[in-house]
Amino acid sequence: MMGDLEVEKHVQFVLSVEKKKDDFESVAMEHIRINGAYWGLTTLDLLGKLGVVDQDEVISWIMKCQDESGGFGGNIGHDPHIMYTLSAVQVLALYDKLDVLDIDKVSSYVSGLQNEDGSFSGDIWGEIDTRFSYIAICCLSILGRLEKLNVQKAVAYIVSCKNMDGGFGCTPGGESHSGQIFCCVAALAITGSLHHIDKDLLGWWLCERQVKSGGLNGRPEKLPDVCYSWWVLSSLIIIDRVHWIDKEKLAAFILNCQDKENGGISDRPEDAVDVFHTFFGVAGLSLLEYPGVKAIDPAYALPVDVVDRIFIGRR
Amino acid sequence: MHGRPRKQPSLKEDNASIEKAAKLRSLQSLVLHNHQNKIYDKEALEVSSKLLELNPELYTAWNYRKLAVEHALLSEENSDTIRAILDEELKVVENALRRNFKSYGAWEHRKWVLRKEYSSVDQELRLLDQFQKADSRNFHAWNYRRFVAKLKNLPAEEELKYTTSMIESNFSNYSAWHNRSVILSHLLKENPQGLDSKHNVLKEEYDLVHQALFTDPDDQSGWFYHLWLLAQTAAPDAPSLISFWPAHGSDLVVSSNGSLPLILYFDQVVEGKAQAWMTYLKFPELGNNSSEVYTIEVSLGQVNGIISSSGSSLSLPLRFTFTTRVQSTPSEHSEGIVTMKMLSWKDEEFCRNEEVLQYFNPCILPSDLQRINKDCQQTTLKWKLETFTHEIALFRDLLLEMNWQLSCKLLKIGMLTLARLLLAHDALMLHNTTSVSQKANCKEILELLQDLMKLDPTHSRFYKDMLSIVLMEQMVSNRNSLEGYCWYYGTSTSSLTQNIICLRLNNLSLSRIGSFEHLLWVQMIDLRGNELRSIEGLEVLQRLTCLNLSHNNLISFTALAPLRLLSSLKVLDISHNEIGAHSIDTTRYLCSSLLSQSAGDGCNLDEYAINNVDIAKYWEAVLVFKGLQLTQLDVVGNAVSDDDKFSLLLVKILPKLKWLDGNAVY
Ligand SMILES: [Zn+2]
């Protein structure tokens with residue numbers, strides 16, 4: 001192994017991203033700050049350090065991102081979109097604070113984005129993508145309102161995006177891509193519809209994403225990247241084919257992408273770190289059962305104890 | 001976020017970044033301000049286009065522009081002016097894409113403009129050409145291309161030609177191969193000009209992909225496409241029955257008020273769910289000391305529901321019969337084993353008696369019921385076999401002649417492809433001919449897979465799983481070999497009719513099991529000492545009463561979910577696995593569980609609440625075991641069984657349990 005996970009440094013890094021506001025990258029990312037909050041806070045929770053952030057401050061800021069439609073924007077003053085709505089719900093779930101939401105309002109916003117053919121738009125402007133199918137299904141399942149969707153049609157639409165390689169694209173005919181595959185596989189998992197997947201075919205395509213360095217790429221003939229440790233790995237776990245890759249080599253690749261001096265994880269060794277790859281690196285290590293990292297649920301992308309609290313607790 | 005080197009920026013760069021950031025921030029605030037106040041004048045629009053050039057990801061700014069356009073179009077009827085307004089949007093998008101052509105927001109804005117149908121498609125195709133030449137794998141551009149093609153109803157043949165030209169200029173373009181598979185699937189489905197055309201189309205595709213494989217063999221793209229062609233070739237058209245239970249002509253004893261499974265096993269998934277179709281025959285309650293004989297005829301014609309995923313129904317009508325004798329007094333002949341004493345899996349409990357094996361009637365299809373091919377099927381079969389034979393010869397040559405100069409990567413994919421071709425060939429032979437001798441590739445397949453495990457250790461367990469499936473098929477798919485694994489449970493002196501046959505597949509280092517279509521008759525199976533982490537598919541063995549899975553690699557109770565469907569199961573040994581030892585459960589979503597939609601099967605954990613036991617911790621065990629009729633269970637040697645309270649819970653979930661870990665339950 002390439003040395004250990006620098007837990008303390010990564011915690012410090014996540015906190016520093018939160019404070020850093022003046023460089024170009026930080027300003028350019030302001031519109032997805034709520035995604036950043038989800039990546040950062042989930043990283044902290046997986047590392048057992050959620051407590052270092054002021055919970056009340058986070059929650060009151062999150063609630064300020066909500067639009068009157070019920071959906072959330074990526075930051076205060078930005079338009080609502082289904083992507084940011086999921087992040088908001090996920091962060092509230094981390095804190096066991098879903099009760100601060102008007103659940104009917106939020107779930108109506110999400111279910112209102114379902115189209116006649118079962119697909120989902122991202123917002124009122126009508127971009128359609130299976131990412132939004134996953135987001136809608138995940139979000140409403142967490143909120144306990146899945147019955148507000150036409151699940152059968154939603155599943156049929158996802159299945160219509162299945163490709164020759166067993167993977168899935170954004171719309172029918174779209175090329176398979178690991179991120180898209182995660183969305184579709186996880187959505188089928190949550191709706192209990194995994195029988196639509198050819199697990200051996202897709203599993204082989206996914207396990208062939210592992211390249212010599214141990215890292216995973218997102219599509220054939222592309223470079224490995226830490227974020228695919230999440231997209232590929234969670235898909236392989238959901239369909240029970242994760243033993244087809246070399247887990248130790250992958251863990252070594254992720255650890256190799258740490259900035260051991262200043263904390264944070266990058267896409268590839270020696271690249272610049274960011275909170276996105278830090279989250280996917282830590283989440284990947286969690287899926288690899290790395291000691292000291294809490295287990296993460298491969299479909300909901302939240303810690304297992306959070307998911308169990310929601311679903312087993314709600315029974 | 002991608003591909004930026006990790007280095008501390010210099011003070012100069014830092015200052016430049018802060019300066020640029022300040023500019024971006026002021027533009028962003030201005031646009032958000034204009035957006036909130038619905039200011040759509042020329043100056044305001046200019047600010048937003050500057051902003052989007054700097055940061056194309058800012059979705060709210062794209063939304064703002066859409067509102068501005070709609071606002072302008074509201075009072076505009078002159079189509080030239082409308083076109084000018086929309087052209088301006090296309091220009092803004094183009095500038096944004098030149099900055100970041102992976103910007104979702106920019107591509108989407110372009111689609112939004114195009115949907116208004118004022119813009120020229122030629123212009124779009126020209127732009128796409130530029131982008132696709134610069135980055136031939138950009139999936140946004142490919143998606144946009146499909147969008148334009150659909151919007152303008154461009155002929156599929158033209159788009160197919162475009163993929164040909166992209167592929168010919170660079171064979172390693174997975175995106176182009178992918179698009180080709182999409183267009184071809186569509187064409188084959190929409191214009192089914194008879195079988196000949198499909199055969200011809202596929203032949204041309206094989207030729208094209210061979211060129212790619214032999215020109216640039218290190219690239220993965222062509223190999224995936226080749227695998228798809230193989231699947232297209234092998235795909236059965238209409239479902240046919242390959243196995244069923246009860247066997248034709250069998251004579252069974254059932255107890256009064258009892259039931260009997262009826263299992264039909266097809267060569268492909270039917271009803272969109274599984275290869276097996278199962279139901280239960282229920283028998284009436286009889287008075288004391290009486291008996292009835294029923295002859296049951298199963299007739300399969302054009303049965304509703306038994307259709308393939310492509311929508312074709314059963315290829316051939318089929319009929320079989322068997323006899324059942326219903327008796328009011330329980331007898332040792334009855335279906336199901338009466339377990340009066342604790343069952344032991346020790347070697348000395350089993351015996352082999354060649355003489356009685358002749359009475360043993362596994363469910364191998366009688367030859368007169370085997371699929372009789374109609375003429376058209378014969379043509380297809382011949383074509384399939386010819387194709388496979390040709391491909392097999394080609395890849396054997398490739399591997400033989402060039403072995404010394406092949407790269408490891410090519411050797412690997414070449415060997416895997418050959419193994420897959422041989423498997424497809426053998427599967428075709430197995431279900432379509434009566435001759436066993438023609439199925440002679442097994443040894444070669446096993447050798448290929450063993451070599452692959454060494455050659456490509458990263459994926460060794462993928463090959464190992466494949467190998468296990470092939471091994472298992474070799475063991476159980478013909479009677480001679482199968483008999484070698486069949487033992488009688490009981491001593492050689494006891495009455496043979498009291499004994500049942502146990503299929504003993506223990507200590508074979510199988511990592512996966514399959515070939516269930518040959519095992520529908522099995523009541524007792526010993527799989528201990530293998531490397532199983534899953535028992536997927538085992539649920540079709542509806543007669544299963546005794547199952548030994550000890551000393552395997554099962555990591556969770558959810559991996560045992562197929563057992564929920566085995567209503568006859570009485571004896572289960574899952575001792576010495578890894579249940580409870582892992583934080584990540586790889587079968588969590590493969591069973592219908594509380595976490596997924598199908599949760600609503602009324603699992604009430606509180607029903608099983610016991611003082612001081614955190615029931616939520618064991619919900620998977622409750623989910624799998626509740627409703628089972630187990631009389632004997634062994635779980636010792638798993639991390640989960642270290643907790644004493646877990647035994648209390650098991651006794652509560654399994655009311656019929658008599659023995660737990662070798663101890664009597666009171
Ligand atoms: Zn990445």
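In what follows, chains are A, B, ... by sequence order, proteins preceding strands, each numbered from 1.
For a residue to count as touching a neighbouring chain, one of its non-hydrogen atoms must lie under 4.5 Å from one of that chain's; by this rule B:K617 does not touch chain A. Proximity to chain A (any heavy atom under 4.5 Å) is restricted, for B:I413, to the side chain, taken from C-beta onward. Contacts between A:N163 and chain B at a heavy-atom distance below 4.5 Å involve the side chain alone, from C-beta outward. Using a 4.5 Å cut-off between heavy atoms, B:S181 contacts chain A through its side chain alone, with no backbone atom that close. Residue contact with chain B, scored on non-hydrogen atoms closer than 4.5 Å, involves the side chain of A:D123 exclusively. The contact between B:R4 and chain A is made by backbone and side chain atoms together, counting heavy-atom distances below 4.5 Å. The contact between B:E57 and chain A is made by backbone and side chain atoms together, counting heavy-atom distances below 4.5 Å. Using a 4.5 Å cut-off between heavy atoms, A:L194 touches chain B through its side chain atoms alone. For chain B, the nearby part of A:K222 is the side chain; its heavy atoms alone come within less than 4.5 Å. Heavy atoms closer than 4.5 Å to chain B are found in both the backbone and the side chain of A:D240. Of the atoms belonging to B:Q36, it is side-chain heavy atoms, and not backbone ones, that fall under 4.5 Å from chain A. Within the 4.5 angstrom heavy-atom criterion, only backbone atoms of B:D585 (N, CA, C, O) approach chain A. For B:H582, the parts lying under 4.5 angstrom from a heavy atom of chain A are both the backbone and the side chain. Heavy-atom distances place no part of A:K212 under 4.5 Å from chain B, backbone and side chain included. Proximity to chain B is limited to the side chain of A:L201, based on heavy atoms less than 4.5 angstrom apart. Of the two parts of B:I183, neither the backbone nor the side chain holds a non-hydrogen atom closer than 4.5 Å to a non-hydrogen atom of chain A. Only the side chain of B:R420 comes within contact range of chain A, with at least one heavy atom under 4.5 Å from a heavy atom of that chain. Using a 4.5 Å cut-off between heavy atoms, B:E536 touches chain A through its side chain atoms alone. A:H277 touches chain B through its side chain: at least one heavy atom from C-beta onward sits under 4.5 Å away, while N, CA, C and O do not. For B:L27, no part lies near chain A; criterion is any non-hydrogen pair under 4.5 Å. In this structure, chain A has a heavy atom under 4.5 Å from the side chain of B:R512, while its backbone stays farther away.
Note on ring orientation: taking the six-membered ring where Trp is involved, the planes of A:H78 and B:Y59 are tilted (angle from 30° to 60°).
Rounding to the nearest 0.5 Å gives a distance of 12.0 Å between CZ of B:R180 and CG of B:N173.
A centroid separation of less than 6.0 Å is found between the aromatic rings of B:W228 and B:Y225.
Residues B:R145 and B:E159 are paired through a salt bridge, judged by an N-O separation under 4.0 Å between the basic side chain and the carboxylate. Comment: B:R137 engages A:E175 in a salt bridge, judged by a side-chain N to carboxylate O separation of less than 4.0 angstrom.
In this structure, A:R131 forms a cation-pi arrangement with B:Y104, its terminal cationic atom sitting closer than 6.0 Å to the ring centre and no more than 45° off the ring axis. The cationic atom of A:R219 (NZ for Lys, CZ for Arg) does not lie both less than 6.0 Å from the six-membered ring centre of B:W142 and within 45° of the ring axis.
Looking only at heavy-atom pairs under 4.5 Å with chain B, the residue among A:R241, A:E289, A:M29, A:K199 that has the most is A:E289. Ranked by heavy-atom pairs under 4.5 Å with chain B, the list A:A295, A:G203, A:P220, A:C227 is led by A:P220. The choice from B:T587, B:N63, B:V182 that makes the most heavy-atom pairs within less than 4.5 Å of chain A is B:N63. Between chain A and the options B:W107, B:W62, B:W112, heavy-atom pairs under 4.5 Å are most frequent for B:W112. Of the listed residues B:Q28, B:R461, B:H178, the one with more heavy-atom pairs under 4.5 angstrom with chain A than any other is B:H178. Heavy-atom pairs under 4.5 Å with chain B peak, among A:I32, A:D200, A:I239, at A:D200. Between chain A and the options B:L24, B:L32, B:N143, the largest number of non-hydrogen pairs under 4.5 Å is found for B:L24. Taking chain A as the reference chain and counting heavy-atom pairs below 4.5 Å, the highest number among B:R115, B:E70, B:K111, B:K150 is found for B:E70.
No hydrogens or angles considered: nothing links the side chains of B:N553 and A:H243 as a donor-acceptor pair under 3.5 Å. If you check the side chains of B:T60 and A:D79, you find no donor sitting under 3.5 Å from an acceptor. Side-chain contact check for B:H109 and B:R65: no donor-acceptor pair (N or O, by modelled atom type) lies under 3.5 Å. Side-chain contact annotation: A:R209 with A:S178, donor-acceptor N/O pair under 3.5 Å absent.
Here B:Y463 pairs with nothing under the ring-ring contact (aromatic ring centres under 6.0 Å, His included) rule; sequence neighbours left out.
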Practice problem: List the steps, then state whether side chain to side chain donor-acceptor pair (under 3.5 Å) holds for A:D297 with B:Y589. | Solution: CA-CA 10 Å; A:D297 182 277; B:Y589 286 98; 2.8 Å; yes
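With hydrogens and angles ignored, the 3.5 Å screen pairs a side-chain donor or acceptor of A:S286 with a backbone N or O of A:K294.
The salt bridge (Lys or Arg N to Asp or Glu O under 4.0 Å) analysis of residues 15-26 of chain B, with sequence neighbours excluded, yields the pairs A:E30-B:R25.
Between B:W619 and A:D308, some side-chain heavy-atom pair lies under the 4.5 Å cut-off. Side-chain contact between A:H195 and B:V269: absent, with no pair of heavy atoms (C-beta onward) separated by less than 4.5 Å.
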